[in-house]
Amino acid sequence: MQEAVTSVLSQYANFNGRARRSEYWFYTLAVVIVSVIAAIIDAILGVMILQWVVIIATIVPSLSVGARRLHDTDKSGWLQLIGIIPLIGAIVLIVFYAMDSTPDNKYGPNPKGAQLGGYGTPPVV
């Protein structure tokens with residue numbers, strides 16, 4: 001999980017390329033865990049400061065990894081806008097994010113098939 005989060009945050013605003021399923025879902029899990037912890041702390045303090053900080057800090061990397069995940073399934077990153085549609089949009093996006101990678105496409109080589117280490121970094125020699 002740490003590798004996935006580090007990879008996403010190092011590509012903070014990179015909307016190009018592809019992201020594997022594991023990278024997307026581990027990052028999403030990390031954001032959910034941090035959000036829950038922030039909500040608990042905010043409930044104890046009686047304010048909603050930390051939740052807003054988490055939302056603001058994670059919105060751009062979440063959008064960028066979402067776009068790269070859609071690229072991995074050979075779809076446009078703009079399809080994230082489907083999420084605006086209540087309920088149906090979220091379900092469609094979850095299905096797209098859960099789809100398997102496609103072979104090499106216009107967004108780049110398949111990260112699963114590449115002889116690379118974790119999340120697009122060259123293997124350590």
Side-chain angles (χ1 to χ4, degrees):
M1 182 181 341
Q2 181 181 1
E3 239 180 283
V5 172
T6 303
S7 174
V8 171
L9 294 179
S10 69
Q11 301 177 56
Y12 187 83
N14 179 12
F15 290 84
N16 298 317
R18 298 169 67 162
R20 294 181 65 178
R21 271 188 296 201
S22 58
E23 179 179 6
Y24 175 80
W25 288 112
F26 278 134
Y27 172 76
T28 301
L29 177 62
V31 169
V32 168
I33 291 169
V34 169
S35 297
V36 167
I37 292 169
I40 291 170
I41 293 171
D42 281 350
I44 291 170
L45 297 176
V47 293
M48 200 173 143
I49 300 291
L50 287 179
Q51 289 176 326
W52 280 107
V53 169
V54 170
I55 290 168
I56 291 169
T58 60
I59 193 153
V60 172
S62 296
L63 289 171
S64 71
V65 75
R68 287 185 278 119
R69 178 69 204 126
L70 288 171
H71 289 170
D72 195 41
T73 61
D74 205 15
K75 293 175 180 33
S76 171
W78 287 101
L79 281 175
Q80 292 182 90
L81 293 174
I82 289 174
I84 295 171
I85 303 169
L87 189 61
I88 302 298
I91 292 169
V92 170
L93 279 177
I94 289 171
V95 169
F96 286 163
Y97 291 146
M99 291 173 68
D100 196 12
S101 299
T102 60
D104 297 353
N105 62 30
K106 62 185 173 188
Y107 300 106
N110 186 351
K112 282 173 80 173
Q115 296 298 323
L116 299 174
Y119 305 111
T121 57
V124 178
V125 180

Residue pairs passing the salt bridge (Lys or Arg N to Asp or Glu O under 4.0 Å) test with at least one member in residues 77-100, sequence neighbours excluded, are R21-D100, D100-K112
What one should report as the nearest heavy-atom pair of S22 and A4 is O-CB, 4.3 Å
Practice item. Would you check if Q51 and I56 make a side-chain contact, meaning some heavy-atom pair closer than 4.5 Å? Key: no
Here the pair of heavy atoms bringing L70 nearest to S76 is CD1-O, 3.6 Å
Backbone N/O of G108 and side chain of R18: donor-acceptor pair under 3.5 Å: yes
dist M99:CE -> D72:CG (nearest 0.5 Å) comes out at 10.0 Å
Closest heavy-atom pair, L93 versus L79, reported as atoms and distance to 0.1 Å, is CD2-O, 3.6 Å
For Y12, the hydrophobic cluster (side chain heavy atoms closer than 4.5 Å, chained through members) also holds F15, I59, V60, L63
The side chain to side chain donor-acceptor pair (under 3.5 Å) partners of T6 (sequence neighbours excluded) come to none
Is the side chain of S101 donor-acceptor paired with the backbone N or O of R20 at a distance under 3.5 Å, no angle test?
-> no
Original post:
Do the side chains of L45 and V53 join up, straight or via other hydrophobic residues, at under 4.5 Å, putting them in one cluster?
Top reply: yes
Nearest heavy-atom approach of N14 to S64 is O-CB, 3.5 Å
Check for me, please, whether W52 and I49 land in the same ILVMFWY cluster - side-chain distances under 4.5 Å, paths through other members count. no
Can you tell if the side chain of E23 reaches within under 4.5 Å of the side chain of Q11, non-hydrogen atoms only? yes
**Study point:** V8 reachable from L29 in the ILVMFWY side-chain graph, under 4.5 Å edges
**Key:** yes
Contacts of F96 meeting ring-ring contact (aromatic ring centres under 6.0 Å, His included) (sequence neighbours excluded), chain-then-number -> none
- Query: So, does D104 use its side chain to make a donor-acceptor pair with the main chain of N110 at under 3.5 Å?
  - Reply: yes
All heavy atoms of R68 vs all of N16, minimum pair found to be CD-O, 3.2 Å
Hphob cluster co-occupancy, W25 + I91, side-chain heavy atoms under 4.5 angstrom: no
Residues 26-48 vs side chain to side chain donor-acceptor pair (under 3.5 Å), sequence neighbours excluded, gives Y27-S62
Rounded to the nearest 0.5 angstrom, the OG1-CG distance for T58 and L9 is 9.5 Å
Exactly one of W78, Y24, Y107 clears ring-ring contact (aromatic ring centres under 6.0 Å, His included) with H71, and that residue is Y107
Tracing side-chain contacts under 4.5 Å among Ile, Leu, Val, Met, Phe, Trp and Tyr outward from V54 reaches V34
